[in-house]
Amino acid sequence: MLQLNYIKENKQATIDSLKRKYFKNAEETIETVLGIDQKRRETQAELDSTLARANVLAKEIGGLMKAGKKEEAEAAKAETAELKVKSKALEEDLKVSETELFDIMVTIPNLPHASVPEGRTPEENVNIFEFGTIPTLHEAALPHWELIKQYDIIDFDLGNKITGAGFPVYKGKGARIQRAMINFFLNEALAAGYMEIQPPILINKESGYGTGQLPDKEGQMYHSTVDDLFLIPTAEVPVTNIYRDVILTDNDLPIKNAAYTPCFRREAGSWGAHVRGLNRLHQFDKIEIVQIRKPEESYQALDEMVEHVKSLLEKLELPYRILRLCGGDMGFTSALTYDFEVYSAAQKRWLEVSSVSNFESYQANRLKLRYKVDGKTQLLHTLNGSALALPRILASILENFQTTEGIKIPKVLVPYCGFEMI
RNA sequence: AGAGAGAUGGCAGAGUGGUCGAAUGCGGCGGUCUUGAAAACCGUUGACUCGCAAGGGUCCGGGGGUUCGAAUCCCUCUCUCUCUGCCA
């Protein structure tokens, strides 16, 4: 959620920024917000003075009763009765204004950082970095969904039998390479100064609201209705919510957490050739890195996270590129996002394997995540990124490293796997 | 799942109708003392919100009620703990 004070003080800049994110009706929305806020404050001022008067009277009545001045006490009582009716009505009004305001505020996306490129569609994202060379494969090279069958390492039919589409079963070397990647990614995060966290993978509603999955994106999460809990779509949710309703001190900062979890996404309405095999799943594994920083340090932290993800992909010897997302393609809550894409040689496609974002104070405002500076509380900045999501990394390893003799394992993973070839 | 107990500030823990945003202890911060530290002592220390300010309002798990007045009484919901049962 944006900060109301910022909007008040930077009305035109807010509107202009929202347009860069292709937010519809920016002017009207901001006007409405300011109008409701104005009314809200007027109502509150009146309510406060009504209550103040009632408080004074209540104290007086106590004194009058003790002094035995019954008549005066009764007169005061009559006045409080009136005040009570008035304050009740004002409270109702205030509640209405607050609800209206909140309902609009949650529909307003975060404002893009100055460096976010103009643009509406994924084609307008800006390629800012490329690494590695795209491998030339032998003639009989196959896409990963054929390779996994040939080597019998991932079984979609079996997953289908046990659960349903999008829940693969990893077998033998398939399972072992998964475990190897998890350990590799976690160890790299540890070496980069992140503290490892093992969070719950079911979350309650409050947590869903905290990071913005609720109220809108309810349909994307699996819901356990008996207990009203949701399966996490990403470790970002439980890890960031550790810091919900928290006031940190200087000594606590910076916070750098890394967590491996399975992730669950219903992804309603997605189908087609682009989602074959490992390209899109209902359950997958991911290592997520989360940082909580002081506002003045958050962009430096973002760069640091980008460097971390770069080093992972380079150690895995995968060709990749980094895109700076344009305003129209960026997520609702993000101020600046870098997407990492790995080239998957047999599919001849770039696959998104990581998304690294700075949310500035947008999430923190809803989470009430603050810290103390000079005795004042101030919102912190939250950042997160995948480091990394497993399925598409595995897909590109399988495709890019296939040879006529088998699939080579990237050197860095060999000690973790215990084998060099599939 | 059954029975009981409970939910108060960063933590522990008093408070059972007005003078309570709340004793006390711990922790934190500042200071005295000390070469420095510890100890001791003194002071200070909740959040949100309206207001230029002075100052005001709200918050004792959530919601509702009784009352001139509620942390305190009533209703309700949620959660936690203990015992019993089940279980990795």
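Chain letters run A, B, ... following the sequence lines, proteins first and then strands; every chain starts at 1. Worth knowing before you read on, the calculation uses all heavy atoms, side chains too, and leaves out hydrogens, waters and symmetry mates.
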**Asked** Quick one: does NZ or CZ of A/K173 land under 6.0 Å from the six-membered ring centre of A/Y151, within 45 degrees of the ring axis?
**Response** no
**Request:** Under 4.0 Å between any heavy atoms, over every strand shown, what does A/T377 touch: base, sugar-phosphate, or nothing? Just pick one.
**Result:** sugar-phosphate
**Message:** At 4.0 Å (heavy atoms only), tell me whether A/K84 reaches a base, stays on the sugar-phosphate, or touches nothing.
**Reply:** base
Should [X] be listed as having a side-chain N or O under 4.0 Å from OP1 or OP2 of [N]?
X     : N     : result
A/R40 : B/U49 : no
A/R41 : B/U49 : no
A/K88 : B/G65 : yes
A/N55 : B/U58 : yes

**Evaluation steps, salt bridge (Lys or Arg N to Asp or Glu O under 4.0 Å), between A/E304 and A/K256** = CA-CA 11 Å; A/E304 197 184 284; A/K256 297 171 74 177; 3.1 Å; yes
**Message:** Using 30° and 60° as the class boundaries, would you call the ring planes of A/Y416 and A/F184 parallel, tilted or perpendicular?
**Reply:** perpendicular
**5′-ward residue of the pair A/K372/A/N5 relative to RNA chain B** = A/K372
**Item:** 5' precedence on RNA chain B between A/I61 and A/I247 (nearest-nucleotide basis)
**Value:** A/I247
**Gap in Å between the two P atoms, one belonging to B/G65 and one to B/C60, rounded** = 15 Å
**Complete:** Out of B/U49, B/G57, B/C68, minimum distance to the side chain of A/Q44 belongs to B/U49
**Request:** Classify the side chain of A/D48 versus the base of B/G56 as yes if they form a donor-acceptor pair under 3.5 Å and no if they do not.
**Result:** yes
